[in-house]
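Okay, so here's the structure we're looking at.
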Amino acid sequence: MLAFRTFFALAAAAVVVASPLTPRQSNNTNAAINDIVSTLDGVVHVVMPDVLLLQANETADDGTIGVQVNTLITAFNTAESALAATPVSSGSTTVLPTNDDISILFADVMSILASGLSGLTTTDVPSFTSTVSRLDPVVAGTINQFNTTLPGSVALVHTMMLDAQQFLVQEGAFPQTVAALGF
């Protein structure tokens, strides 16, 4: 009887080990995800210096900031749609781009966005709160889709945003984004 149980346990273990991987476990789509996040990063690296320039030149107003926010909304919507169309990645910690590489790039997007908007106030841009609140659900949706397409990726973004998240919280117009980042 003991021999049968031992044989059965070994046979069961062999079946489990020999079973093929599920598609999610064997589908590393990191390269596609990295391309999407890189494109978003490129847009943010163009828009946010423009916002800072508008602040420095004291020409930031509802119209000029509204245009920049609309560009950001389009970029985040495009990224969210592209991520949704990308199969869930099994990810990798060794094959480039790694999960961490992509998360660091996404954290860069988020920290530049947070710090770039931090200098704007309703004194300069009277509709700032309502303008930026249009951006909040779009950014949160992109974060959630990013974490769905590359499971667990927001954990590193959260850690890297520990300092910069204060700007999102201070603005008060980013509750969904703050929640999506786990704060």
Side-chain angles (χ1 to χ4, degrees), residues 16-51 67-118 131-169 171-183:
V16 169
V17 172
S19 296
L21 296 174
T22 62
R24 185 206 170 289
Q25 293 173 318
S26 63
N27 194 16
N28 183 349
T29 57
N30 279 11
I33 296 167
N34 190 64
D35 289 345
I36 295 164
V37 175
S38 290
T39 300
L40 178 60
D41 188 53
V43 172
V44 170
H45 270 86
V46 169
V47 171
M48 295 319 296
D50 289 348
V51 169
V67 170
Q68 303 303 323
V69 169
N70 288 339
T71 301
L72 290 169
I73 288 171
T74 300
F76 276 95
N77 276 331
T78 301
E80 181 181 2
S81 296
L83 287 167
T86 303
V88 174
S89 184
S90 60
S92 178
T93 58
T94 56
V95 177
L96 296 177
T98 66
N99 297 0
D100 287 353
D101 293 336
I102 301 169
S103 291
I104 290 167
L105 186 60
F106 197 85
D108 182 56
V109 168
M110 294 307 304
S111 64
I112 289 172
L113 177 70
S115 62
L117 294 175
S118 68
T131 300
V132 173
S133 67
R134 293 184 305 118
L135 186 59
D136 180 40
V138 176
V139 174
T142 304
I143 293 167
N144 290 330
Q145 188 59 55
F146 175 61
N147 202 45
T148 299
T149 308
L150 187 61
S153 57
V154 173
L156 181 58
V157 177
H158 170 90
T159 301
M160 295 182 74
M161 285 291 295
L162 286 173
D163 194 33
Q165 61 91 19
Q166 66 181 317
F167 299 121
L168 295 173
V169 172
E171 296 301 331
F174 288 97
Q176 294 175 50
T177 299
V178 170
L181 288 169
F183 294 108

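Just so it is clear, the values below take in all heavy atoms, side chains as well, and ignore hydrogens, waters and symmetry mates.
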Using a 3.5 Å cut-off and no angle test, enumerate the donor-acceptor pairs between side-chain atoms of residues 136-145 and protein atoms at least two apart in sequence or in another chain.
residue: Asp136; atom: OD1; partner: Gln176; partner atom: N; Å: 3.4
residue: Asp136; atom: OD1; partner: Thr177; partner atom: N; Å: 2.8
residue: Asp136; atom: OD1; partner: Thr177; partner atom: OG1; Å: 2.7
residue: Asp136; atom: OD2; partner: Gln176; partner atom: N; Å: 3.0
residue: Thr142; atom: OG1; partner: Phe76; partner atom: O; Å: 2.9
residue: Thr142; atom: OG1; partner: Val138; partner atom: O; Å: 3.0
residue: Asn144; atom: ND2; partner: Ala140; partner atom: O; Å: 3.2
residue: Gln145; atom: NE2; partner: Thr149; partner atom: OG1; Å: 3.0

Does any N or O in the side chain of Asn77 come within less than 3.5 Å of the main-chain N or O of Thr74, such that one atom is a donor and the other an acceptor?
-> no
Not counting sequence neighbours, which residues clear side chain to side chain donor-acceptor pair (under 3.5 Å) with [X]? List them please.
| X | result |
| --- | --- |
| Asp41 | His45 |
| Thr78 | none |
| Asp50 | none |
| Asp35 | none |

Under the side chain to side chain contact (heavy atoms under 4.5 Å, CB included) rule, what do Leu117 and Leu135 come out as? Steps first, then yes or no, please.
-> CA-CA 11 Å; Leu117 294 175; Leu135 186 59; 4.1 Å; yes
Side-chain atoms of residues 155-165: list all donor-acceptor pairs with protein atoms under 3.5 Å, sequence neighbours left out, distances to 0.1 Å.
residue: His158; atom: ND1; partner: Leu181; partner atom: O; Å: 2.7
residue: Thr159; atom: OG1; partner: Ala155; partner atom: O; Å: 3.2
residue: Asp163; atom: OD1; partner: Gln166; partner atom: NE2; Å: 3.4

Measure across [X] and [Y] and return the closest heavy-atom pair with its distance rounded to 0.1 Å.
| X | Y | value |
| --- | --- | --- |
| Leu72 | Val44 | CD2-CG2, 4.1 Å |
| Gly91 | Leu150 | CA-CD1, 4.3 Å |
| Met48 | Leu113 | CE-O, 3.9 Å |

Sequence-distant partners of Phe146, ring pair (Phe, Tyr, Trp, His ring centres under 6.0 Å), two or more places apart |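 Scan of Phe146 (ring pair (Phe, Tyr, Trp, His ring centres under 6.0 Å), adjacent residues dropped) gives Phe106.
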Check against side chain to side chain donor-acceptor pair (under 3.5 Å), Asp100 and Ser103 = CA-CA 5 Å; Asp100 287 353; Ser103 291; 5.3 Å; no
What distance do Thr71 atom OG1 and Gln68 atom CD have between them, rounded to the nearest 0.5 Å?
-> 5.5 Å
Taking only residues two or more places apart in sequence, or in another chain, which ones meet [X] in a side chain to side chain contact (heavy atoms under 4.5 Å, CB included)?
| X | answer |
| --- | --- |
| Asn34 | Ser38, Pro97, Ile102, Leu105 |
| Thr29 | Asn27, Ile33, Thr86, Pro87, Ser89 |
| Val95 | Asn28, Ser92 |
| Ser118 | Phe167, Glu171 |

